[in-house]
Visitor: 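Below you will find the structure I want to go over with you.
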Amino acid sequence: MAQTYPFQDIEGKWQADWDKNQTYKAEDLPAKEKSKKFYGLIEFPYPSGEGLHVGHPRSYVALDVMTRKKRMEGKDVLYPIGWDAFGLPTENFAIKNKIKPADATKKNIANFTRQIKSLGIGFDWSREIDTTDPKYYRWTQWMFLKFFNSYFDDVEGRAKPIEELAIPDSVLATGDDAVRNYRDERRMAFKSTTKINWCPRCKIGLANEEAQGGACERCGEGVEQKQKAQWMIRITKYAERLIRDLDTVDYLEKIKAQQINWIGRSEGAFVDFTVKTEKSGLLPDKVTVFTTRPDTLFGATYMVLAPEHPLVETWLKEGDVTNVDEIQTYQEGARLKSELQRQENKEKTGVELKGVRAVNPSTNQEIPVWIADYVLAGYGTGAIMAVPAHDERDFEFAKLFGLPITQVVAAEEGNEVRGLPFVEEGVAFNSGILDGLKTSEAKEKMADWLEQNNVGARTVNFKLRDWVFSRQRYWGEPIPIIHCAKCGYVPVPDEQLPVTLPEVEKYEPTDTGESPLAAIRDWVETTCPQCGGAAERETDTMPNWAGSSWYFMRYCDPHNDQAFADPEKLKFWMPVDLYNGGMEHTTLHLLYSRFWYKFMWDLGLVPKECGSEPYAKRRSHALILGEGGVKMSKSKGNVVNPDDVVSQYGADVFRVYQMFIGPFDADAPWDTHGIEGVKRFLEKVWRLFEVSTGPAPANAPFVLSSSAKAGDPSVDSPVKPWNDSREALLNQTIKKVGEDIDGMRFNTAVSAMMILVNEMSDVGATHASPAARHALPLQDLESFLKILAPFAPHISEELWHKLGYKTSIHREAWPSYDPAKCVAATFELVVQVNGKVRDKMMVATDIAEEEARKLALASEKVKQFLEGKEPQKVVYVKGRLISISV
RNA sequence: GGGCCCGUGGCGGAAUUGGUAUACGCAACGGACUUAAAAUCCGUGGCCGCAAGGCAUGUGGGUUCGACUCCCACCGGGCCCACCA
């Protein structure tokens with residue numbers, strides 16, 4: 001039987017001990033100053049039926065290592081865990097197995113808890129939260145009502161209570177209904193009939209973010225478009241701030257880039273085009289387009305509307321369009337075409353609206369009007385001015401349908417026509433007013449022109465859409481609104497929160513697109529809190545993202561039933577000092593939660609002192625892949641179950657391997673052989689302590705000494721003494737491991753500890769004489785144990801106690817190193833001749849340049865390569881090398 | 001098409017940020033111990049060469065006493081976004 005350290009006996013024992021002693025419990029309101037706090041956050045998991053994936057712990061262990069170190073450095077550490085438990089997979093699982101989603105969730109949470117606890121991660125379990133707990137989602141609902149009861153003040157650029165919204169006299173004069181509408185149209189949460197992304201398989205409406213690439217994020221089915229009244233949240237009002245405030249936080253550059261890209265800010269202008277038809281002449285409606293290139297307006301030779309553009313409908317109705325059938329056929333085709341199909345087939349299609357002409361305001365020329373699905377209804381105004389000479393897509397379209405091409409002369413360089421490189425044809429148009437201007441100047445000039453002539457205005461456009469907040473599903477937070485025929489949308493009063501989910505037999509979604517809750521009549525039917533009349537509950541539920549948009553605040557005060565969190569506690573803990581999660585959440589969760597927090601901050605619900613950004617620092621881990629570098633999946637049969645690893649190797653081996661596997665932000669393939677190496681490392685640590693500190697043979701005259709050193713007369717000369725250079729290694733390792741943990745370079749921290757243990761084992765080697773046994777100074781062994789502790793908490797705790805200590809190593813002080821001792825007395829001086837290494841020599845660390853130079857030039861090898869020539873140049877790098885060139 | 005990133009042994013990867021390329025680990029090979037195996041320990045591992053030495057960080061150039069690192073071009077790969085006007 002292999003000699004191995006008994007992790008089975010050790011790990012469970014210490015986990016129970018830490019639990020009992022609340023070793024990792026965060027102080028509630030510590031008396032220390034705020035600079036002493038550290039709030040580490042991992043994305044709380046979705047407790048799926050699959051159980052923990054080996055990828056989850058990569059993040060948990062990494063922050064565990066970091067927070068353990070912070071704790072040892074004397075910080076007040078908050079490192080919490082909870083469950084993001086609402087969601088579709090659980091609901092579908094429940095439907096399939098005919099059980100209640102709440103029961104399935106309970107079971108899954110229990111399993112995840114067992115798995116995570118078996119890894120010995122230092123979470124503060126007393127702060128565990130669960131988004132499906134009514135005590136939690138009461139506050140999610142409460143916050144939704146804050147959105148409902150707020151509007152966005154465009155002048156001040158922030159959200160305010162709806163009572164502060166000034167109602168214009170003209171509206172007041174029209175009556176109560178008008179006032180109500182005026183308010184409803186400006187609420188941060190509002191109901192609107194829009195085209196939504198509809199997944200026919202999941203039978204659910206999806207946010208744009210969940211339907212990327214035209215496929216349902218959950219099931220991969222092609223997404224259809226459907227008209228539906230939905231609750232929306234006005235995240236677009238925060239677009240500007242969501243970009244701007246990225247300057248104030250420390251996020252990975254690529255994360256910032258993705259957020260900025262997703263929000264998609266672009267500066268440009270609106271331009272109004274008047275429209276004439278054969279039937280009615282000049283119409284009252286104008287078509288407004290958005291362009292980032294107003295300077296190319298002179299080259300707009302036709303106009304394209306999205307097939308869904310409302311004016312198309314109007315003109316059809318009024319009989320202004322002469323080719324009605326053709327248009328309707330195209331519209332129908334575009335409607336049925338899923339986003340996915342649109343993406344697969346990017347060849348341009350389109351139909352001209354016969355009988356309709358637009359007028360280019362810059363030239364007063366009449367231009368044709370088309371509809372085409374390359375113009376998106378959801379971006380800009382859903383209509384474009386087409387400038388084929390200056391836009392590739394327009395060019396392609398113009399070529400296909402034989403539309404005119406006009407290049408705009410703006411004379412960037414010497415009055416040349418400035419079209420796109422691929423444009424060879426078309427007439428040149430010289431406006432006269434853009435002569436000699438650079439593109440940026442021409443844009444400004446034309447924007448001025450538009451504003452002066454009242455045919456357009458500067459504007460900023462965003463790709464970001466408002467947040468579709470309704471889900472027609474059962475397993476989510478009910479939206480706490482009551483529909484009253486008389487009073488309109490009425491919020492459920494605070495004291496009636498939470499609106500809990502009714503327990504029912506059927507959770508199946510409906511084909512009509514209504515929530516399953518709609519069928520539960522005695523839940524739906526209620527009374528209006530305002531007028532007391534009969535009324536109905538909103539039956540839509542909230543998306544998954546709701547509960548996860550504020551959970552980091554709840555951790556600060558998880559059991560409060562008077563408020564979502566005590567402001568004093570928020571002031572102490574917020575913002576999160578380090579938030580780690582997957583790259584897959586950079587555009588969704590990260591954006592939503594930043595927005596949610598900013599909104600709460602605007603209303604003063606989050607104290608001003610916390611700052612307007614929830615996460616001071618954001619980092620991302622990469623994926624754990626299967627063996628061979630392919631993605632782990634059930635179908636490939638290459639899924640590694642953490643339970644198996646823990647039972648075979650123990651939690652510490654699993655943890656250290658996770659940290660050693662590669663750079664934290666790079667994908668890494670799981671390697672069953674690699675984990676063996678880590679196992680050997682920890683066994684070596686175990687043996688090192690047995691040999692170095694174990695009972696000496698009965699006849700040995702040695703006692704455990706904290707100061708034993710080579711040359712100590714009480715000790716035989718060990719084969720390898722614990723000399724100054726080994727002392728230097730220890731100090732270097734303490735320094736490196738500390739810095740590597742802070743910089744999240746866990747893999748090199750582990751390798752540094754391996755090097756140290758190899759060196760220490762040489763000194764206290766198994767075969768060494770009893771003299772060698774105690775040659776390692778005890779305090780050095782202890783220092784090593786302390787830097788190992790964050791990575792391998794169980795084995796280090798066990799060894800710590802074996803040394804005779806009665807309290808936890810995880811509450812010990814992080815060891816300091818002596819900078820003076822990091823430098824060995826000698827170093828290997830490298831001598832280069834013409835850039836090539838020709839000799840190496842051991843010299844004193846504090847050698848003077850003159851001395852080093854003399855030594856180098858005296859070297860036989862060096863002389864050989866100098867070939868008797870005089871050195872032209874000699875460069876000396878202190879403590880490293882000397883470079884001679886001839 | 002846009003954005004971000006990466007190319008180093010048989011493999012995962014190091015390299016003090018411009019200073020001894022290949023640390024650490026895996027795999028491999030040779031040896032010790034063992035009846036044997038496991039475990040452990042010792043040793044060898046970029047390529048060519050007996051050696052001296054030469055050549056090596058995707059390719060080609062450049063800057064420099066010195067380049068995996070910086071600059072230019074190219075080749076190859078990955079991730080995210082994408083008819084966004």
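Reminder, nothing fancy here: chain letters follow the sequence lines and each chain counts from 1. Side chains included, hydrogens not; waters and symmetry mates left out as well; all remaining heavy atoms used.
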Visitor: Under 3.5 Å for both donor-acceptor distances, Watson-Crick or wobble: does B:rA52 have a partner, and if so which one?
Guide: none
Visitor: Rounding to a whole Å, what distance do you find between A:Lys878:NZ and B:rC65:C1'?
Guide: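 Spelled out: NZ on A:Lys878 to C1' on B:rC65 is 20 Å.
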Visitor: Who does B:rA37 pair with, Watson-Crick or G-U, both distances under 3.5 Å?
Guide: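 Base partner found: none.
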Visitor: Select from A:Asn834 and A:Gly380 the residue whose nearest nucleotide in RNA chain B is closer to the 5' end of that strand.
Guide: A:Asn834
Visitor: Given side chains that start at C-beta, do those of A:Leu730 and A:Lys821 come closer than 4.5 Å, heavy atoms only?
Guide: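 A:Leu730 does not reach A:Lys821 side chain to side chain.
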Visitor: Indicate the atoms forming the closest heavy-atom contact of A:Phe746 with A:Ile741, along with that distance.
Guide: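 What the structure gives for the nearest pair is CE2-O, 4.0 Å.
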Visitor: Pick the P atom in B:rG10 and in B:rU22, then give their distance to the nearest Å.
Guide: 16 Å
Visitor: Go through it in stages, so that I can follow the logic: the residues are A:Val653 and A:Phe7, the test is side-chain contact (heavy atoms from CB on, under 4.5 Å), and I'd like the CA-CA distance, side-chain angles, deciding distance and then a yes or no.
Guide: CA-CA 9 Å; A:Val653 170; A:Phe7 66 84; over 6 Å; no
Visitor: Please work out whether B:rU44 sits syn or anti, treating a glycosidic angle within 90° of 0 as syn.
Guide: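 B:rU44: anti.
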Visitor: Is the ring pair A:Phe397/A:Tyr302 parallel, tilted or perpendicular, if the boundaries are 30 and 60 degrees?
Guide: parallel
Visitor: In whole angstroms, how far is the P atom of B:rA82 from the CD atom of A:Glu392?
Guide: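 Spelled out: CD on A:Glu392 to P on B:rA82 is 19 Å.
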Visitor: Quick one: look up who B:rA73 pairs with, Watson-Crick or G-U, both distances under 3.5 Å, and put none if it's unpaired.
Guide: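 Pairing partner, where one exists within any strand: B:rU59.
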Visitor: For B:rG9 versus B:rU44, give the span between their C1' atoms, rounded off to a whole number of Å.
Guide: 15 Å
Visitor: For the residue pair A:Trp370 and A:Phe401, does the interplanar ring angle fall in the parallel (under 30°), tilted (30 to 60°) or perpendicular (over 60°) class?
Guide: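 The arrangement is tilted - the two ring planes meet at 30° to 60°.
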Visitor: On a heavy-atom basis, which atom in A:Ile884 and which in A:Val862 lie closest, and how many Å separate them?
Guide: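 Shortest heavy-atom separation between A:Ile884 and A:Val862 comes out as CD1-CG1, 4.0 Å.
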Visitor: Quantified in whole Å, what is the P atom distance between nucleotide B:rG19 and nucleotide B:rG66?
Guide: 15 Å
Visitor: Should the pair A:Tyr657 and A:Trp670 be assigned to parallel (<30°), tilted (30 to 60°) or perpendicular (>60°) ring geometry?
Guide: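 The rings of A:Tyr657 and A:Trp670 stand perpendicular, inter-plane angle above 60°.
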Visitor: Say we look at B:rC72 and B:rC6: how far apart would their P atoms be, to the nearest angstrom?
Guide: 15 Å
Visitor: Please determine whether a side-chain nitrogen of the Lys or Arg among A:Lys679 and A:Glu676 lies less than 4.0 Å from a carboxylate oxygen of the Asp or Glu.
Guide: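 Yes, charged N to carboxylate O under 4.0 Å.
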Visitor: Taking O4'-C1'-N9-C4 for purines and O4'-C1'-N1-C2 for pyrimidines, is B:rG9 syn (within 90° of 0) or anti?
Guide: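 It is syn.
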Visitor: Roughly how many Å apart are B:rA52 and B:rU63, using the P atom of each and rounding to a whole number?
Guide: 33 Å
Visitor: Could you measure between the two C1' atoms, the one in B:rC80 and the one in B:rU16, and give it in whole Å?
Guide: 33 Å
Visitor: Nearest whole Å is fine: how far is B:rG3 C1' from A:Ile263 CD1?
Guide: 15 Å
Visitor: Taking atom P of B:rA82 as reference, at what distance in whole Å does atom CG of A:Leu464 sit?
Guide: 13 Å
Visitor: Return the pairing partner of B:rG1 with a 3.5 Å limit on both distances, Watson-Crick or G-U wobble; otherwise return none.
Guide: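 Across all strands, the one nucleotide that pairs with B:rG1 is B:rC81.
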Visitor: May I have the distance from A:Asp391 (atom CG) to B:rG1 (atom P), rounded to whole angstrom?
Guide: 15 Å
Visitor: Base contacts versus sugar-phosphate-only contacts with protein, heavy atoms under 4.0 Å: please encode nucleotides 54-59 of chain B as B, S and - from 5' to 3'.
Guide: SS----
Visitor: Between atom CE in A:Met583 and atom C1' in B:rG78, what is the gap in whole Å?
Guide: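 For the pair A:Met583 CE and B:rG78 C1', the rounded distance is 13 Å.
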Visitor: What is the separation between atom CD1 on A:Ile255 and atom C1' on B:rG3, rounded to the nearest whole Å?
Guide: 14 Å
Visitor: Is there a side-chain contact (heavy atoms from CB on, under 4.5 Å) between A:Arg619 and A:Asp665 once you walk through the steps?
Guide: CA-CA 8 Å; A:Arg619 290 293 180 272; A:Asp665 57 359; over 6 Å; no
Visitor: Expressed in whole Å, how much space separates the P atoms belonging to B:rC11 and B:rC5?
Guide: 26 Å
Visitor: For B:rA28, give the paired nucleotide (Watson-Crick: N1-N3 plus N6-O4 or O6-N4; G-U: N1-O2 and O6-N3; both under 3.5 Å), or none.
Guide: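 WC or wobble partner is B:rU44.
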Visitor: Please report the distance separating the P of B:rC79 from the corresponding atom of B:rG13, rounded so that it comes out in whole Å.
Guide: 16 Å
Visitor: Salt bridge or not for A:Arg618 and A:Glu43, using N-O below 4.0 Å?
Guide: yes
Visitor: Generate the contact string for nucleotides 5-26 of chain B. Rules: B means base contact, S means sugar-phosphate contact only, - means no protein heavy atom under 4.0 Å.
Guide: -------BSS-B--BB--BBSS
Visitor: Check the chi torsion on B:rG13 and let me know: syn if it falls within 90° of 0, anti if not.
Guide: anti
Visitor: Whole-Å distance between B:rC84 P and A:Ile260 CD1?
Guide: 19 Å
Visitor: Is it true that atom NZ of A:Lys286 has more than 12 heavy atoms of other residues, nucleotides or ligands lying nearer than 6.0 Å?
Guide: no
